Amino acid sequence: MSKEQELGKAFDFGLFKRVFAFTKPYYLIFWVVAVVAVALSAFAILTPVLVKEIINNALPNNSEAQLTRLVVLMLVVLLGQVICQLSFNYYANLLGESVIKDLRIQLFRKMMAFKMTYFDNSSIGVLVTRAVADMQRIGEIFSQGFFVIVADVLKMVAGALVMLYINWRLALIVFAILPVILIATRLFQQAMKVAFIEVRAQVSNLNSFVQERIAGMKIVQLFNREAIEKEKFRVINEKHQNAWLKTVWYNSIFFPVAEISFSLGIGLVVYFGVIQKIESVALGDTGSIFAFFFLMDLLFRPLRQIADKFNTLQMGMVAANRVFKILDTDSHIADTGTVEIPGVKGDITFSDVRFGYVEGEEVLHGISFEVKAGETIAIVGATGAGKSTIINLLNRFYEINSGTILIDGIDIRDFKLASLRSYIAIVLQDVFLFADTVANNISLQDKNITKEAIAAAAQEIGVHNFITNLPGGYEYNVKERGTMLSSGQRQLIAFLRAYLSNPGILILDEATSSVDTYTEQLIQQATNKITEGRTSIIIAHRLATIKKADTIIVMDSGRIVEMGNHRELLENGGYYKDLYEAQFLAEEVA
Ligand SMILES: Nc1ncnc2c1ncn2[C@@H]1O[C@H](COP(=O)(O)OP(=O)(O)OP(=O)(O)O)[C@@H](O)[C@H]1O
Ligand SMILES: [Mg+2]
């Protein structure tokens, strides 16, 4: 769908209703804003009426009492106007912020339930924009769009009615200028709409460019890409500048045009009212002329801004449309299972499992194997063979195409998703750490896991010293993605995280990256400890791990090519023997 189509479609009534349904819990605020909007227009027309009274009656009468009364009244009106404006701004914003607070929670909850395929196919930047920038735009529907338009229209209608009431001939003369300003407004709005789409596209280009270059700065510097990246950035930046300048240009044309129409109106009122002496004005009704000046301001000022407000409203609707599209996406793993047992023994059976990440591209071609409770199996094979894929299936990150996976003889789809995942702890190939302390990264903010428990567990698997040697120990902040740690260190923390959850089934996707002998030892020791007495599947690159395994599964291109223990496989003289000789022998000799 093109951006223009998106804009066009965004203005349907159903969408509007859906956005406004979110105000339901805040109906009181909603009505405060609505009532204040009406009060604002009432106050706005009182000033011109009072001005007229002062000029036409109080001044000629030279009545001090009357003058004082009117001036005090004017003060009251002004005060009322100030209070109304203040409440209007505050409550309209409060309503907007309340709505997006709820909406954002809904969106985030929805996102957390999406299956991995969804994230494989979505850009992080886009999802972040939906949750942050688009939400802000939706809030602006309330704080700057809809209610402001309603208040402005009310003011304009009230102003026009008072004009007609005071002097209908003069009023009609003023109205004659309206088409000019209406046409100008319409043209302006259309031009701005297109310009803003361009601005947003360029802002998002700029965002993703900077975001990606910062993330990949190592590559930029490593390959001396600075000059090329600078040039690319210059081009994007220039496009961004041009897009913004276009909106500035339209603004610079439109506002003088609006200003001129307003002055033209004043000129016409003076000309017909004073020089041509339209009926009744001729009788010395100077007050009406002044009242008209005020009323015209009431009519023209909102008109000038209404184009802008409509854009805000429209942008909000576009944003809402995008957010709702995510909310309406049905991409979660069906959690229809009912089995919820406190723990599992840990028997695992794969029978003829077929799976592909993308439709029509099968990655696993009929995988069958069995792990008995308490056993350790190792999976080895070339890169891209499908080793990590196997473990992605066990905890239902992805749904298999055919075949069955059983744990303790129960189909994994029959477990409640949350309990299934509570039986399995996984140390992923690339460990992800949050920008938080080591302790919080281990407990993941689970209040039931005390600091003492963490330290005790760390001692058991032999990583306590390593952690206390970090600056700050358990309170060391590892920063975004754990950049303050080496990949070996990150993996040790992930080990501890897995160990503490005391799972029935442990899965370890060993990182291929080589680590120093000391860390290697720590990892080996921790691995031995945490696999002890529980079913473990280890995607192994370390010979020590592999040798210890009860069964080794050898994979190639999505198929299991050999199975057996180390000795058997070597005797077999097949794929494993070649792999062993090529990869591990050097290690063993060293
Ligand atoms: N999220 C994904 N979306 C689409 N295809 C994927 C995805 N993850 C992996 N693949 C593909 O699936 C195949 C198996 O990948 P997998 O990650 O299981 O390999 P691996 O055996 O773990 O390799 P390595 O030893 O390098 O970790 C590869 O061809 C890869 O391109
Ligand atoms: Mg892998």
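Please read these numbers as outputs of a predicted model, since none were measured by experiment. Order of appearance sets the numbers: ligands from 1, and atoms from 1 within every ligand.
Coordination check, T383 versus the Mg ion (ligand 2): failed, since every N/O/S atom of the residue sits at 2.8 Å or beyond. Inclusion of Q429 in the first shell of the Mg ion (ligand 2) is supported: an N, O or S atom falls under 2.8 Å.
In this structure, R18 is positioned above the aromatic face of F324, its NZ or CZ under 6.0 Å from the six-membered ring centre and within 45° of the axis.
Of all atoms in ligand 1, numbered sequentially from 1 with element shown, those under 4.0 Å from a heavy atom of S388 are 17 (O), 18 (O), 20 (P), 22 (O), 27 (O). Proximity to Y398 (heavy-atom distance under 4.0 Å) selects the following atoms of ligand 1: 1 (N). For ligand 1 and T389, the ligand atoms under 4.0 Å from any heavy atom of the residue are 14 (C), 15 (O), 16 (P), 18 (O).
The shortest heavy-atom distance from G381 to ligand 1 is not under 4.0 Å. Put simply, no part of F355 is less than 4.0 Å from ligand 1, judged by heavy atoms.
Between F350 and F369, the angle of the ring planes stays under 30°, which puts this pair in the parallel group of the 30/60° scheme.
By the 4.0 Å N-to-carboxylate-O rule, K101 lies too far from E97 to be salt-bridged with it. The residues E562 and K577 are annotated as not salt-bridged, no charged nitrogen and carboxylate oxygen being separated by less than 4.0 angstrom. A salt bridge is defined here as a Lys NZ or Arg NE, NH1 or NH2 lying under 4.0 Å from an Asp or Glu carboxylate O, and E229 with R225 meets this definition.
Of the N and O atoms on the side chains of H240 and N242, not one donor lies less than 3.5 Å from an acceptor on the other residue. Side-chain atoms of Y398 and D120 form a donor-acceptor pair, as typed in the model, at a separation below 3.5 Å. Side-chain atoms of H332 and Y118 form no donor-acceptor pair, as typed in the model, at a separation below 3.5 Å.
The nearest non-hydrogen atom to atom 19 (O) of ligand 1, considering only G384, G356, G558, comes from G384. Which of D120, N392, V358 comes nearest to atom 1 (N) of ligand 1 through a heavy atom is settled by distance: it is D120.
For a threshold of 3.5 Å applied to N or O pairs, the pair formed by K387 and ligand 1 contains at least one separation below that value. Here's the thing with G386: one of its N/O atoms is less than 3.5 angstrom from an N/O atom of ligand 1. The shortest N or O to N or O distance between A385 and ligand 1 is under 3.5 Å.
With a 4.0 Å cut-off on non-hydrogen atoms, V363 touches ligand 1 through its side chain and not its backbone. Only the side chain of Q429 comes within 4.0 Å of ligand 1, counting heavy atoms alone; its backbone N, CA, C and O stay farther away. No part of F397 comes within 4.0 Å of ligand 1, judged by heavy-atom distances.
Centroid-to-centroid, the aromatic rings of F20 and F16 come within less than 6.0 Å.
Counting only distance, with no hydrogens or angles, the side chain of Q202 and the backbone of V199 share no donor-acceptor pair below 3.5 Å.
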